[in-house]
Participant: 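Just passing along the structure, written as structure tokens.
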Amino acid sequence: MSYILEILPSLLDGAKVTIEIFFIVIILSIPLGAVLAFLMQIKFKPLEWLLTLYVWVMRGTPLLLQLIFLYYVLPNIGIVMDRLPAAIVAFTLNYAAYFAEIFRGGIAAIPKGQYEAAKVLKLSPFQTIFYVILPQVFKIVLPSVFNETINLVKDSSLVYVLGVGDLLLASKTAANRDASLAPMFIAGALYLLMIGVVTIISRQTEKKFDYYSCYLGCRNRWYLFEVR
């Protein structure tokens, strides 16, 4: 127990870095993914090809390779980033591609009749997206978004390859220094704790949106009837 109390502060410092990376990536990647999903709906071939290529590359190559490319390869052409910014950029670009596909599927699930009704009522594109499409899309994609969010907690451990002092690097350092596996088990317990918190939040949020699903649907219908 005394050994655990001795190494726990360094592991908690590493966990703090992991949590910081997690929140920054979530705040950046979800809105970016939503914007990309709506841009995919634009019927402009060069843009479609560019976005398709981006999503294909981000989803088709390992995140570890993307981290290495950003931090170790780009400096050869004059693009230099510190460890933490490079990790955040790599994670944001990678997860934005996944979120873009999730939101694109949610947009595709919206009945075409709602778009037509919005046009008949002369709603602007912004009004259609904000009042009609987004509330329904968010409800549809919520489970998938939280699933990727849980994956992000685990994938954040990859930043150790850049030398970022996260939870995994802190536990490996302590394990190598003390020739003990205890730090790795504690790190595993902390990861489980973080994933447990995200899981609880996701379930509570999904229940809340189930409760408000009728309200959101009714609000959209009333908005379509009231706006002229």
Participant: Does any part of the side chain of T61, heavy atoms only, come nearer than 4.5 Å to the side chain of Q66, both counted from C-beta?
Facilitator: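 Yes, close enough: below the 4.5 Å cut-off.
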
Participant: Please report the shortest heavy-atom distance between L158 and F91, naming the atom on each side.
Facilitator: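 Scanning both residues completely, I find the closest heavy atoms to be CB-CZ, 4.4 Å.
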
Participant: If every non-hydrogen atom of D82 is compared with every non-hydrogen atom of Y71, which pair is closest and at what distance?
Facilitator: C-CE1, 3.9 Å

Participant: Would you say the side chain of L11 lies within less than 4.5 Å of the side chain of L190, judging by non-hydrogen atoms?
Facilitator: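 Yes, side chains in contact.
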
Participant: Is there a side-chain contact between L36 and V55 in this structure, where contact means two heavy atoms from C-beta onward sitting under 4.5 Å apart?
Facilitator: no

Participant: Is any side-chain heavy atom of M40 closer than 4.5 Å to one of E48?
Facilitator: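 E48 vs M40: side chains apart.
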
Participant: Same cluster for F146 and L192 if Ile/Leu/Val/Met/Phe/Trp/Tyr side chains link at under 4.5 Å?
Facilitator: no

Participant: Quick check: is M184 connected to L12 through a chain of hydrophobic side chains (ILVMFWY, heavy atoms under 4.5 Å apart)?
Facilitator: yes

Participant: Is there side-chain contact between I21 and L84, with at least one heavy-atom pair below 4.5 Å?
Facilitator: yes

Participant: Quick one: do V89 and Y72 end up in the same hydrophobic cluster if we chain Ile, Leu, Val, Met, Phe, Trp and Tyr together by side-chain heavy atoms under 4.5 Å apart?
Facilitator: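 In one cluster with V89: Y72, no.
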
Participant: Do D166 side-chain atoms and T18 backbone N/O form a donor-acceptor pair below 3.5 Å?
Facilitator: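 No, because the side chain of D166 does not come within donor-acceptor range (under 3.5 Å) of the backbone of T18.
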
Participant: Donor-acceptor check, side chain of E148 to backbone of F99, threshold 3.5 angstrom: yes or no?
Facilitator: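 Looks like no, no N/O pair under 3.5 Å.
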
Participant: Any sub-3.5 Å donor-acceptor pair from N147's side-chain atoms to P143's backbone N or O?
Facilitator: no

Participant: Would you call E206-R203 a salt bridge at under 4.0 Å N-O?
Facilitator: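 Between R203 and E206 there is no salt bridge, as every charged N stays at least 4.0 Å from the carboxylate O atoms.
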
Participant: Can you tell if the side chain of V137 reaches within under 4.5 Å of the side chain of I110, non-hydrogen atoms only?
Facilitator: yes

Participant: To the closest 0.5 Å, what do you measure between CH2 (W49) and CZ (F44)?
Facilitator: 9.5 Å

Participant: To the closest 0.5 Å, what do you measure between OG (S180) and CZ (F185)?
Facilitator: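 Spacing of OG (S180) from CZ (F185) equals 9.0 Å.
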
Participant: I need the I27 CD1 to L32 CG distance, nearest 0.5 Å.
Facilitator: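 Separation between the atoms: 13.5 Å.
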
Participant: Taking a hydrophobic cluster as the set of Ile, Leu, Val, Met, Phe, Trp and Tyr residues connected by side-chain heavy atoms closer than 4.5 Å, whether directly or through intermediates, do Y191 and I4 fall within one such cluster?
Facilitator: yes

Participant: Run the side chain to side chain contact (heavy atoms under 4.5 Å, CB included) check on V80 and L74 step by step: do they pass?
Facilitator: CA-CA 7 Å; V80 180; L74 288 186; over 6 Å; no

Participant: Would you name the heavy atoms of F22 and T149 that are closest together and state the gap between them?
Facilitator: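 Where F22 meets T149 most closely, the heavy atoms are CZ-CG2, 3.4 Å.
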
Participant: Check whether S202 reaches the backbone of T199 with its side chain - one donor and one acceptor, N or O, closer than 3.5 Å.
Facilitator: yes

Participant: If I take atom CG from residue N94 and atom CG from residue L63, how far apart are they, to the nearest 0.5 angstrom?
Facilitator: 4.5 Å

Participant: Do R177 and I7 come close enough that some side-chain heavy atom pair is under 4.5 Å?
Facilitator: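 In short, these two side chains touch, coming nearer than 4.5 Å.
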
Participant: Under 4.5 Å between any side-chain heavy atoms of V17 and L167, yes or no?
Facilitator: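 Not in contact.
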
Participant: Spell out, yes or no, whether M81 and V159 are grouped together once hydrophobic residues are joined by side-chain heavy atoms under 4.5 Å, including indirect joins.
Facilitator: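 No; tracing contacts between hydrophobic side chains, which count when under 4.5 Å, never links both residues.
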
Participant: Considering non-hydrogen atoms only, spot the tightest contact between F103 and G33 and give its length.
Facilitator: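 Shortest heavy-atom contact: CD1-C, 4.2 Å.
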
Participant: Looking only at heavy atoms, which two atoms of P9 and E6 are closest? And how far apart?
Facilitator: CD-O, 3.5 Å

Participant: Please tell me whether Y95 and D155 have a donor and an acceptor in their side chains that are separated by less than 3.5 angstrom.
Facilitator: yes

Participant: To the nearest 0.5 Å, how far apart are CZ in R104 and CD in E101?
Facilitator: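 These two atoms lie 4.0 Å from each other.
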
Participant: Working to the nearest 0.5 angstrom, can you tell me the gap between Y160 OH and L67 CG?
Facilitator: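 It is 11.0 Å, given to the nearest 0.5 Å.
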
Participant: Is there a donor-acceptor pair under 3.5 Å between the side chain of R83 and the backbone N or O of L162?
Facilitator: yes

Participant: For the residue pair A109 and I140, what are the closest heavy atoms and their distance?
Facilitator: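 For A109 and I140, the tightest heavy-atom pair comes out as CB-CD1, 4.0 Å.
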
